[in-house]
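Beneath this line is the structure, given in structure tokens, with notes to follow.
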Amino acid sequence: MPTPIVGCLWFADSAEEAMEFYCSVFPNSRIVSIERYPDASLDEHFEGMEGRVLSGVFELDGSRFVCLDGGPAFTFNEAISLTVECADQAEIDHYWSALSASPEHEQCGWLKDRFGVSWQIVPENLGELMTGDAQIRALMGMKKIVIADLVGAG
């Protein structure tokens, strides 16, 4: 049964680049379809958008997303993020290295990628690792989460 809720990402003009990038980072990922804006001679609303992504569908390790190039009217911010629950430190390191593009936006496992999308790269057992105040303080001081530092806090 397909997931009933699918996120939609609005890019100014880089939806296809973002889909290709994300599919290269996550295993078992693919671009499902791309529908492009038609020629502007058909409708003045399409001016400057010819060939851009009107609707793109892609899957990241089994999760489906849609996206579009909609121009600069809307931009991403930290009010919403995508969470990647990682099995171990190697996975955290992989996704952090691949996605992080804005060090000034890194905090407590959160990062921002080159497209402005915010991500949380966290251990899948984060709740179990947070056993007390010492672990909370350790987490608050981290950019990328280091599991050994959470375990050793206290």
Side-chain angles (χ1 to χ4, degrees), residues 1-130 136 139-140 142-147 150:
M1 171 185 241
T3 304
I5 299 172
V6 176
C8 179
L9 303 174
W10 175 304
F11 296 90
D13 61 3
S14 59
E16 187 167 9
E17 178 186 354
M19 285 189 291
E20 290 171 354
F21 173 68
Y22 296 146
C23 287
S24 76
V25 170
F26 291 90
N28 307 312
S29 298
R30 67 189 180 106
I31 295 173
V32 175
S33 65
I34 298 176
E35 185 175 331
R36 299 187 185 282
Y37 282 96
D39 188 296
S41 64
L42 300 174
D43 187 322
E44 69 274 359
H45 293 101
F46 301 140
E47 189 168 337
M49 298 303 285
E50 302 92 337
R52 296 272 182 210
V53 176
L54 175 63
S55 176
V57 178
F58 63 107
E59 293 176 352
L60 300 180
D61 203 14
S63 293
R64 185 165 282 217
F65 294 86
V66 296
C67 66
L68 62 106
D69 285 323
F74 302 108
T75 58
F76 297 111
N77 65 47
E78 293 78 6
I80 191 163
S81 61
L82 304 176
T83 301
V84 181
E85 294 181 338
C86 301
D88 54 28
Q89 190 66 49
E91 275 193 18
I92 290 172
D93 295 346
H94 164 73
Y95 291 119
W96 196 272
S97 174
L99 294 170
S100 181
S102 183
E104 65 274 13
H105 290 98
E106 296 173 354
Q107 181 66 38
C108 303
W110 290 56
L111 62 82
K112 189 176 277 199
D113 72 20
R114 69 186 196 207
F115 302 102
V117 176
S118 292
W119 296 80
Q120 295 181 59
I121 310 300
V122 301
E124 63 189 8
N125 65 337
L126 183 60
E128 295 170 21
L129 294 170
M130 304 305 292
I136 293 170
L139 178 67
M140 293 299 165
M142 294 180 186
K143 289 188 172 213
K144 176 179 75 174
I145 293 176
V146 178
I147 295 171
L150 288 179

Fill in: Leu82 to Phe65 - nearest heavy-atom pair and separation
CD2-CE2, 4.0 Å

Item to complete: Please round to the nearest 0.5 Å and tell me the distance separating atom CG of Leu111 and atom CD of Glu104.
Response: 11.5 Å

Discussion item. To check you understand the geometry: which heavy-atom pair defines the closest contact between Cys23 and Ile31, and what is its length?
Written reply: SG-N, 3.9 Å

Discussion item. Working to the nearest 0.5 angstrom, can you tell me the gap between Glu124 CD and Asp88 CG?
Written reply: 8.5 Å

Worksheet, complete the sentence: Note: Cys86 and Glu91 closest approach over all heavy atoms is CA-OE1, 3.2 Å

Discussion item. Is there a side-chain contact between Gln120 and Trp110 in this structure, where contact means two heavy atoms from C-beta onward sitting under 4.5 Å apart?
Written reply: yes

Worksheet item: Shortest non-hydrogen contact from Trp119 to Leu60?
Response: CH2-CD1, 4.3 Å

Practice prompt. Return the minimal non-hydrogen interatomic distance between Leu139 and Cys108, and the atom names on each side.
Written response: O-SG, 3.6 Å

Practice prompt. Would you please classify the geometry between the Phe26 ring and the Tyr95 ring as parallel, tilted or perpendicular, with 30° and 60° separating the classes?
Written response: parallel

Worksheet item: Okay, side chain of Glu35, backbone of Ser55: is any donor-acceptor separation there less than 3.5 Å?
Response: no

Response to the item:
In this structure, CE of Met19 is separated from OG of Ser33 (nearest 0.5 Å) by 8.0 Å

Discussion item. If we count only N and O atoms by modelled type, under 3.5 Å, do the side chains of Glu78 and Ser118 hold a donor and an acceptor together?
Written reply: no

Fill in: Considering all heavy atoms, the nearest Ile34-Val53 contact
CG2-CG2, 4.0 Å

Worksheet item: Using 30° and 60° as the class limits, which term best fits the ring planes of Phe76 and Phe11: parallel, tilted or perpendicular?
Response: perpendicular

Worksheet item: Parallel under 30°, tilted from 30 to 60°, perpendicular over 60°: which one fits the rings of Tyr22 and Phe115?
Response: perpendicular

